[in-house]
Amino acid sequence: MNIRTVLTQPFSDQKPGTSGLRKQVPTFQTRNYLENFIQSIFDVLDNYQGKTLILGGDGRYYNRQAIQIILKMAAANGVGKVLVGQGGILSTPAASCVIRKNQAFGGIILSASHNPGGPDGDFGVKYNTENGGPAPEKVTSAIYERTKVIDQYKILDSEDVNLDQLGSLTMGEMTVEVIDSVADYAELMQTLFDFSKIKELVTSGHFKLCMDSLHAVTGPYAKRIFEEMLGAPAGTVTNGVPLEDFGGGHPDPNLVYAHDLVDTMFAPNAPDFGAASDGDGDRNMIVGNNFFVTPSDSLAVLAANATLVPGYKDGLAGIARSMPTSQAADRVAEKLGLDCYETPTGWKFFGNLLDVGKATLCGEESFGTGSNHVREKDGLWAVLFWLNILAERQQPVEAIVKEHWATYGQNYYSRHDYEGIETDKANTLMEQLRAKLPSLKGTQLGTYTVDYADDFSYTDPVDSSVSQKQGVRIGFTDGSRVVFRLSGTGTKGATLRVYLESYEPDTSKHGQDPQVALADFIKIADEVAQIQTLTGRDKPTVIT
Ligand code: VG1
Ligand code: CO
């Protein structure tokens, strides 16, 4: 056995963002770039010698090569056993499930999620801890500090592992087990949902389901669960083969990038239920026949109907949402007498709340929903949750959401993204906006009075850690809000996200186009943040 110690020099740009380290593929292919980051993870962890690590990714370009490198480095660093998904495939929620089931010390997930892939696309590395969730900030900061000074890494000289062959083998003193990517996850889903009831619905002949996996990681999961286990007709899952470049598309389930599904669902005689998921399988989009469900509403509807679903029949402990997510879920929490938590953007902030049992359901406006069954958001879980509700209520998606609005009021919601802005301009915009905040309270913007204006700061209720500067929010006295923050997942320039929300209790005013309903706030956002003037952009690149 030959373990080599390779001398290296630090890279200055290995700071993990909202969800791991994301860079363009050529950056990750730079000599020692991946190795430095992986060694930095091992260097900051204690007590993992001889223990189990989970490894897998979303199948994007460079996934297989990166897995071979990480296996050899894990062996050289004293890991006892690595469970790796067959073909290098593990969706993010499946990785979380496998970490928990095997009491692994952690997992390395290779993904840049919804970002495009391929030789010129993006790649990413995320470290998850033993609870199955994304490493908290204290861990990611420690990794980053280590990357700044790292001067060597360890790697075993060894043959590559055949990732397509299930079974165990040894690499130096480490065991490598290639596992079925889907089995553990599918088994967990069966414990949460009423599969026989969903099967009745999807095989009834009067309900049509469409699942677009966008050539990303959920293909094999969706085929096994919907077509094989639940009996939906072959072809229910489209774009179901994971491709290294996702077929050239953005594996991002929203109205812009999941256009094939959107065309199908907004045609005459459309199917009853459509869904899509992202690159790594943690996001979901839910569409009814000619009806789009916003992610914020989806969280609220799941919460309001949770007791119809076996895994949640005893009710919820609490609900958590990221700050920019609409307050639709808060209204459900209030009515059900549940605690509701508002966290910064990124799933890592839900981990503590889930671990101590303060929250059961969590959600983000960015097409992310999940629960305490794993410690990641979970795309197919959300689809199954909806199907279970539909099977119980026997109503169309649209009727369920409209009834929800009639009960709780409608939170109009939209996010406007300005992608690829020059970083300096984006920073100037945020700085100027921050400087204005103290003088805004009580003033009029348009016809609305500012109730509060601040930069969101979060104190974790479990470990008291504080995360500052998590987004500028301007709230008005009628409950509406405009939120501004810069993305932490992009790899080119900066992306400004503007989140717009208003509340409409009057049923006769429900169901309008959100861009019309939110027009006043779109204007206010531009004026207060000087978006056009400072970025030169007269409209967003993506509206969701
Ligand atoms: C985005 C979303 C955020 C999500 C994150 C990771 O982050 O806004 O809600 O948790 O992506 O999702 P940002 O910093 O770009 O706004 V995934 O599916 O990309 O792991
Ligand atoms: Co994702």
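Counting starts at 1 for both ligands and their atoms, following the listed order. Residue indices begin at 1 and follow the sequence shown.
Close approach of ligand 1 to Gly488 (heavy-atom distance below 4.0 Å) involves ligand atoms 13 (P), 14 (O), 15 (O). Of all atoms in ligand 1, listed by their number and element, those nearer than 4.0 Å to a heavy atom of Arg485 are 13 (P), 14 (O), 16 (O). Residue Ser19 approaches ligand 1 through these ligand atoms, each under 4.0 Å from one of its heavy atoms: 6 (C), 20 (O). Those atoms of ligand 1 with a heavy atom of Asp278 less than 4.0 angstrom away are 18 (O). Counting atoms of ligand 1 from 1 in the listed order, those under 4.0 Å from a heavy atom of His114 are 19 (O). Residue contact check: Thr345 has heavy atoms under 4.0 Å from atoms 3 (C), 8 (O), 9 (O) of ligand 1.
If you look at Asp282 next to ligand 1, the close heavy atoms, those under 4.0 Å, all belong to the side chain. Heavy atoms of Ser487 found under 4.0 angstrom from ligand 1 belong to the backbone as well as the side chain.
His373 and Asp378 form a side-chain donor-acceptor contact under 3.5 Å, judged by distance and modelled atom types alone. When only modelled atom types and interatomic distance are considered, Ser467 and Glu137 share a side-chain donor-acceptor pair under 3.5 Å. Using modelled atom types and a 3.5 Å distance limit, the side chains of Ser113 and Asp280 yield a donor-acceptor pair. Neither side chain, Tyr408 nor Asp330, offers a donor N or O lying under 3.5 Å from an acceptor on the other. Side-chain N/O atoms of Thr495 and Asp417 include no donor and acceptor closer than 3.5 Å. Checked by atom type, the side-chain pair Thr544/Asn254 shows no donor-acceptor distance below 3.5 Å. The closest side-chain donor-acceptor pair between Asn411 and Gln327, if any, does not fall under 3.5 angstrom. No side-chain donor from either of Ser502 and Ser480 sits under 3.5 Å from a side-chain acceptor of the other.
Relative to atom 8 (O) of ligand 1, the option among Lys377, Lys126, Arg415 with the closest non-hydrogen atom is Arg415. Taking each of Asp417, Thr489, Thr495 in turn, the one with a heavy atom nearest to atom 7 (O) of ligand 1 proves to be Thr489. Considering Arg497, Arg22, Arg283 only, the shortest heavy-atom separation from atom 20 (O) of ligand 1 involves Arg22.
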Evaluate the side-chain hydrogen bond (donor to acceptor under 3.5 Å, both in side chains) criterion for residues Thr491 and Arg22: first the C-alpha distance (whole Å), next the side-chain angles of each, then the deciding distance (0.1 Å), finally the verdict. CA-CA 7 Å; Thr491 57; Arg22 288 191 194 172; over 6 Å; no
Might you work through the ring pair (Phe, Tyr, Trp, His ring centres under 6.0 Å) test for Tyr62 and Phe28, ending with a clear yes or no? CA-CA 9 Å; Tyr62 201 52; Phe28 267 106; 7.1 Å; no
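Considering only non-hydrogen protein atoms, atom 10 (O) of ligand 1 sits nearest to Glu364 OE1, 2.7 Å. Ranking protein heavy atoms by distance to atom 19 (O) of ligand 1, first place goes to Ser113 OG, 2.7 Å. When hydrogens are left out, the protein atom nearest atom 9 (O) of ligand 1 is Ser366 OG, 2.6 Å; that is the closest non-hydrogen contact.
Cation-pi contact between Arg485 and Phe456: absent, since separation from the ring centre below 6.0 Å together with deviation from the ring axis within 45° is not met.
Using the six-membered ring where Trp is involved, Tyr312 and Phe193 have ring planes that are tilted, between 30° and 60° apart.
Applying the salt bridge (Lys or Arg N to Asp or Glu O under 4.0 Å) test to every pair with at least one member in residues 349-375, sequence neighbours left out, gives these pairs: Asp355-Arg375, Glu365-Arg415.
The shell of residues lying under 4.0 angstrom from ligand 1, judged by heavy atoms, includes Gly346.
For the residue pair Gly363 and Phe350, the shortest heavy atom distance occurs at O-CZ, 3.6 Å.
Within the protein, the number of N, O or S atoms lying under 2.8 Å from the Co ion (ligand 2) is 4.
On a distance-only criterion, Leu486 and ligand 1 share no N/O pair closer than 3.5 Å.
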